[in-house]
There are 2 protein chains.
Amino acid sequence: MMHQRPRISDVARLAGVSTATVSRALSNPALVSEETRAAVDQAVQATGYRINHAARNLRHRRTGGIVALVPGLANPFFSQILSGIASVLAPAGYNLLVADTRSAGADTLLSYAEPSRADGLIVLDGTLPAAGLTRMPVVLACEWVPGLIAPRVKIDNREAAAMAVNHLADLGHRRIGHVAGPPGNVLTEARQAGWQEACIARGLTPDPALLYPGDFGLDSGQRAARLWLDQPKDSRPTAVFLASDEMACGFIGEVVRHGIRVPQDLSVVGFDDIELVAHIAPPLTTIRQPRNQLGRIAAERLLARLEGRVDDTDTVLPVELVLRGSTAPPRG
Amino acid sequence: MMHQRPRISDVARLAGVSTATVSRALSNPALVSEETRAAVDQAVQATGYRINHAARNLRHRRTGGIVALVPGLANPFFSQILSGIASVLAPAGYNLLVADTRSAGADTLLSYAEPSRADGLIVLDGTLPAAGLTRMPVVLACEWVPGLIAPRVKIDNREAAAMAVNHLADLGHRRIGHVAGPPGNVLTEARQAGWQEACIARGLTPDPALLYPGDFGLDSGQRAARLWLDQPKDSRPTAVFLASDEMACGFIGEVVRHGIRVPQDLSVVGFDDIELVAHIAPPLTTIRQPRNQLGRIAAERLLARLEGRVDDTDTVLPVELVLRGSTAPPRG
DNA sequence: TCCGATCATGTAATCGGTTGCATCGACGAT
DNA sequence: ATCGTCGATGCAACCGATTACATGATCGGA
């Protein structure tokens, strides 16, 4: 009678060889003779043997897992990056472990950065403490932790913001507002700086009255819209660049509800190009980030690092201004 | 000079006890004396010892991981369920492994259902073969595999569809269309059946001309809209119930682009209540699914199963019809 | 004073593969 | 005929923690 699950020694006994030979036949077939290989294969079939990963990993001193630290799993923006990551890791034989940095305590998170839990880390959250992340190979994707030396895969957020502003300025807008991301976020800072610099470069004033707080979420876009609606008509911006598409949706939804027409009365540019915004009314003009590719490249660079190819350079992916229906020249 | 990472024997030597005592002090402190515990704690501090999970798991014959099989990680619908799952698993000390059933071969997927890779499985994809999934504890969430005996956490899709139809019928609509999900999907079938039955119950005819193919995706909503636009004005439905919010967005975007006004010319009801649809113009009337809760409960039931509490009943969560701006009485 | 119960701790087997080293036979070269 | 080489395989020591069992100390009770 067979015990629980068959072990390698069960296969060895049935094939009439040692466990060492079975192991070699399975993981490096070139090392064993043709006949032995056949005998082992048949014994594996007969017993229904499946390898025990825990045992193999213990011996190999690796886990076969990669952790992705995500600030908000429910966020469609990050899930598309995750999708890119998964599409690279799965074929490479790695497990993708996902941890939400929002719903876990700091100690829990750091426990993911242990070599016995995962072989590497992909960090999508720039607000984590750099200290805890140095114990294993790390790649930063999209966001990044200031002070942490590790390869980054990202876009040029400053330049991207400038593209948005330039587009609006080209249309003739002179007062271009900005709804920023959450305070302290590296993306927030880069995009806001890009907005400021581009305004100045075009001879426009990035007045504080044109800057609205936000946090990338839908509701904060709505709140920004209320602030905009409360401003006197002749001093409020005729165009707004928002640091995320979600905020842009919240913003447009709110102003439209108050009778404002987009783009006739107000032009709006978003950021990210999440799938949905091509289909809302009006379709959103936005900056497209190659999210899937971003995830894929981050994963590839981490794998390269695990194979010993160390390369601390940053990868900067190109963005694209997608012109749709939410922008037009100002009235008058 | 310390070797690589400190092992339990390093701690033992420093504390002047055996490895067994260290193990006990760490995992079951009640078993050791006060002084020993203090000595061990101090030695742990001094060495910076962290447990090796692979070794512990090998001995315990468990992995500490739960796999979620997701059809399309990038889909915001699923990522919210994942978020619920993660919020339960992390505090319980389990790793969440995510695998995208779309981007992996069948053999790869089945390899996730091995006891040495994970302790349990949460299946969000109803199109998987039941055969491979029986090797470990499974819970089905949202979608389910027909023929697979395992607890299901889901909503009453028939009833939910009926709620949508009844709402439209109450408004006075007599021709109510339906854009279905992908063929063969269990949700597609249940929702379509609910639409049919409710129509009949209200004395309406679920004419085949009122039924449009779809696949839950944005584009298929757009395609359905083109079909609708091509129909003669006096025979096309005055209201459409779509099996997903994404399709509803694609549908509305397309008809609005052709000068149709929602809800004046056409009423639209979606399904899911993904976050964004509250903010588009017009805000979408839809069926809300408690996605986060769905994930949480699925995870809790799996954990219960892992602790030996077997319970094969289904959990049916309540849905809610959310009234917004995309529905109104028909003209005339 | 002696015995059994109780508590703290150590010894060593165990979880299940992997792999360095040794062994052995066959074969080509000298 | 002899030696060196090479290919195939087995032996046994790992990887690092857990835990059944054994041991020894302590203590209360007879």
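Numbered from 1 within each chain, the chains take letters A, B, ... in sequence-line order. Since the model is a prediction, treat every value here as computed from it, not as a measurement.
Axis angle, first five pairs versus last five pairs of the helix from C:dT1-D:dA30 to C:dT30-D:dA1: 50°, rounded to 10°.
Within a 6.0 Å sphere centred on CD of B:E275, heavy atoms belonging to other residues, nucleotides or ligands number 12 at most.
Contact annotation: A:T19 does not reach the phosphate of C:dG16 (side-chain N/O to OP1 or OP2, under 4.0 Å). The shortest distance between the side-chain N/O atoms of A:Y49 and the OP1/OP2 oxygens of C:dG16 is not below 4.0 Å.
With a 6.0 Å cutoff to the six-membered ring centre and a 45° limit on the axis angle, A:R291 does not count as a cation-pi contact of A:F78.
Residue contacts shown for A:S33 are limited to sugar-phosphate atoms, with no base heavy atom under 4.0 Å away.
Protein atom CD of B:E114 is 14 Å distant from nucleotide atom C1' of C:dG16, rounded to whole Å. Separating the CG atom of A:N28 from the C1' atom of C:dT18 is a distance of 12 Å, rounded to the nearest angstrom.
Mapping heavy-atom proximity under 4.0 Å, the span of DNA chain D touched by chain B runs 5' to 3' from D:dC15 to D:dA20.
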So which protein N/O to nucleotides 13-15 of chain C N/O distances come out below 3.5 Å?
from, atom 1, to, atom 2, distance (Å)
C:dT14, O2, B:R59, NH1, 2.8

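Checking C:dT18, C:dT9, C:dA12 against every side-chain atom of A:I8, the shortest atom distance belongs to C:dT18.
On a pure distance criterion of 3.5 Å, a polar donor-acceptor pair joins the side chain of B:R24 and the base of C:dG10.
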